[in-house]
Amino acid sequence: GLYGDPASNDNTGGTGAAYSMAMWAYCYSTCLNSGRTGGTYAPTAGYINTRFTGTSTESNGQVDEGSILNTSLAVNGSTIYAAWIESGKPFATGELRVRHPYAYSSTDGITLTGLGSDWSALDVTGTESDNSHLTIASGTPWIVWSNGVTTPINPQLKVASWNGSSWSTPISIASVGGSGYYRGISAITPIGAVANVASIEHRSSYFTGSVYINQCSGTTCPQLGGSLTVNSGGRPLFVDITSDGTNPYVCHTEEIVNTGTPGYTVSLTPQLYCHYYTGSAWVQIAASLNQSAAAWAADVSTTYFGSHLYVAYTERVTAGNPKIYVYSCTTSACTLVGNDLRNNTSTGWPWNPRLTNDGTTLYMTWEEQSSINQKVMLRGQSYNGSSWTTLGGAINADTTNGSAAYSSLAVVSGNPVVLWAEESPGNLRQAYIKHWNGAAWVGFGSGSTGGSTSGGKLAIGGGVRR
């Protein structure tokens, strides 16, 4: 088992060398103990989060590892920006035990440079963070993330911009409902120099919520219009935002949960809704976009090009597996252009589809478990306006033992680039990045530290949705 200091209730009393992982073998009946065998592990080569991972080894040879989640990508000219939430190595003490946002830039496609010295460039002590997202607004990087004190959990949104040398003082987006309301789920997109943030606000003691849009510039984030919640008593679950360059488009899923005897019941399964802003008011595009009103919609992603909104999401019937669907929408109607885009259309369980575009082609990545007890593979496809094309095989760093999660997608020089977290047996989640070179997914190295480089230098340029 994993052993920590007996005097500590959070296993922070010793280093990994003093309290390492071990496997013990015992006889069921009377016989001598068979002893134990220790194991040391190293994450799959190619990881790029080197702040904690790979920085040292314990006395037993174990490589130190941080753990990441919630990746995000953005591109500005010749510079790529990446962000994720990360906690320090096992048995770390103090602030490194909890999750904080970290952001990086790369101007040569090889070396990542931290935006700020460490977690304190964005976060404050005594808090824990989640759900980070990046965008570029008129050349300025913006980041939004959920932040709250660790006890009691009370997440609120923070937004900050990077001026080339430091982060601005984070702006707090206040909850509309005030005390007892919180925001944790968000998305961000640029319109000119303004960072537009879509977020879900929940009331801690009720199964209801609202979707709000805030437009951030300078030191303020005023709200744009009212709540986009469609149903009375509705509870939003997923949200994403994009724009046509002038006005924002927002899609979210929403359910209704009733309280009473014998307990909580879902009276409306999660439905997919989309809105756009006319310049003076929010207008809903059509009604629910679910394939079936009785099915469960989730995992929303949006992008905009060619005068159309594109939205990807998953939907499943109560006793079935999710399927990936993609819509192309005008301001008045939506047309299905992607129907069950799973890699395994029989037993596959997909989630987290991500969309982006290069102005001509639509790109999508997603995570999928082919069947029960299988590893999670990261997949990619493109859409040329008439048909879908599979982009290679599994993108994972380790296609045998690795499981992917928390992917994000951008376009660089006309080719998709994907950043994701991956874990393997004995290892925590690490960050990996690859780009599609027209024939295969190739790695983008971590420079002189961390995992090995695969695929050489990544040429960077072009634009990104968010």
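Small disclaimer: the values here were computed from a predicted structure and weren't measured.
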What is the distance from atom [atom1] of [X] to atom [atom2] of [Y], rounded to the nearest 0.5 Å?
| X | Y | atom1 | atom2 | result |
| --- | --- | --- | --- | --- |
| Y363 | T303 | OH | OG1 | 12.0 Å |
| K89 | R97 | NZ | CZ | 14.5 Å |
| T360 | L362 | OG1 | CG | 11.5 Å |
| R342 | E368 | CZ | CD | 7.0 Å |
| T253 | L237 | OG1 | CG | 4.5 Å |
| E367 | E422 | CD | CD | 10.5 Å |

How far apart are the closest heavy atoms of N231 and E254, and which atoms are they?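 That would be N-OE2, 2.7 Å.
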Taking all non-hydrogen atoms of both residues, which atom of V418 and which atom of I395 are closest, and how far apart?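 The answer is CG1-CG2, 3.9 Å.
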Taking the side chain from [X] and the backbone from [Y], do they hold a donor-acceptor pair closer than 3.5 Å?
| X | Y | value |
| --- | --- | --- |
| S424 | N427 | no |
| D240 | T302 | yes |
| T127 | V124 | yes |
| T71 | Y406 | yes |

So do C329 and C334 have their SG atoms closer than 2.5 Å?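 Yes, because the SG atoms of C329 and C334 sit under 2.5 Å apart, which meets the disulfide cut-off.
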Going by distance alone, is a donor N or O of one side chain under 3.5 Å from an acceptor N or O of the other, for [X] and [Y]?
| X | Y | value |
| --- | --- | --- |
| N384 | S386 | yes |
| S407 | R354 | no |
| N344 | S346 | no |
| S132 | W84 | no |
| T79 | S105 | no |
| N147 | S129 | yes |
| Q223 | N214 | no |
| E315 | Y313 | yes |

Would you call the rings of [X] and [Y] parallel, tilted or perpendicular, taking 30° and 60° as the class edges?
| X | Y | result |
| --- | --- | --- |
| Y104 | Y102 | parallel |
| W282 | H275 | perpendicular |
| Y47 | Y432 | perpendicular |

Residues 169-180, side-chain donor-acceptor partners within the protein, below 3.5 Å, at least two apart:
from	atom 1	to	atom 2	distance (Å)
S172	OG	K158	NZ	2.6
S175	OG	Q156	OE1	2.9
S175	OG	Y181	O	3.4

Which is it for Q271 and T269 under the side chain to side chain donor-acceptor pair (under 3.5 Å) test, yes or no, and what are the steps along the way? CA-CA 6 Å; Q271 307 292 300; T269 56; 3.2 Å; yes
Considering the options Q430, E86, R429, which one meets the side chain to side chain donor-acceptor pair (under 3.5 Å) requirement together with T53?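 With T53 as partner, side chain to side chain donor-acceptor pair (under 3.5 Å) holds for just one option, Q430.
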Note, Y249 side chain near I285 side chain (heavy atom, < 4.5 Å):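 Yes, their side chains come closer than 4.5 Å.
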Using a 4.5 Å cut-off on heavy atoms from C-beta on, say whether the side chain of V250 contacts that of V239.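 Yes, at least one pair of side-chain atoms sits under 4.5 Å.
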